[in-house]
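Report on one structure; see the data block that follows.
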Amino acid sequence: HYHGRTGIVFNVTKSSVGVRVNKLVNGRILEKRIHVRIEHIRKSKCQKEIIARVKSNELAKAEARKTGVKVDLKRHPKQPKEGYFLAAPGGDGE
């Protein structure tokens, strides 16, 4: 029931870790406290992209302060692909 879940560590013992995990029970979410052995735990990677972006933004801000150029640090949504025309097979492409 808990495989692949993300939780918050609340207790550490010599061979296991206490973790708070959310579990769906009859349409409501309950916080369960379970103890899991250390070999079944791995660190979450959900913050890696945010941390990398913060570091790159700080470098860009420092560079902008030195050069005096305004820099845009905001994230932008992925834009649609450019349109193009396909040549018809066997046609002269009118």
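Partners of R42 under the side chain to side chain contact (heavy atoms under 4.5 Å, CB included) rule, at least two apart in sequence or in another chain, do not exist in this structure.
Contact annotation: the side chain of I34 approaches that of V21 to within less than 4.5 Å [non-hydrogen atoms, C-beta and beyond]. Taking the side chain as every heavy atom from C-beta outward, V19 and I41 approach each other to under 4.5 Å. Using a 4.5 Å heavy-atom cutoff, the side chains of V17 and V36 are not in contact.
You'll find the ring centres of H35 and F10 inside the 6.0 Å limit.
A distance of 10.5 Å separates CD1 in I8 from OG in S44, rounded to the nearest 0.5 Å. In this structure, the separation between CZ on R65 and OG1 on T67 is 11.0 Å, given to the nearest 0.5 Å. The CG atom of N57 lies 4.5 Å from the CG atom of L73; values are rounded to the nearest 0.5 Å. The NZ atom of K81 sits 7.0 Å away from the NZ atom of K78 when rounded to the nearest 0.5 Å.
The two atoms that bring R5 and K23 nearest to each other are NH1-CA, 3.9 Å, heavy atoms only. What you find for A64 and V69 is that their closest heavy atoms are CB-O, 3.2 Å.
Under a 3.5 Å cut-off, the side chain of S16 and the backbone N or O of T13 do not form any donor-acceptor pair. Of the possible polar contacts, one joining the Q79 side chain to the P77 backbone as a donor-acceptor pair under 3.5 Å is found. With hydrogens and angles ignored, the 3.5 Å screen pairs no side-chain donor or acceptor of R20 with any backbone N or O of E31.
Applying the 6.0 Å contact sphere to NE2 of H3 captures no more than 12 heavy atoms from other residues, nucleotides or ligands. Summarising the local packing, CD of E39 is surrounded by more than 12 heavy atoms from other residues, nucleotides or ligands at distances under 6.0 Å.
Between K55 and E58 there is no salt bridge, since no side-chain nitrogen of the basic residue lies less than 4.0 Å from a carboxylate oxygen of the acidic one.
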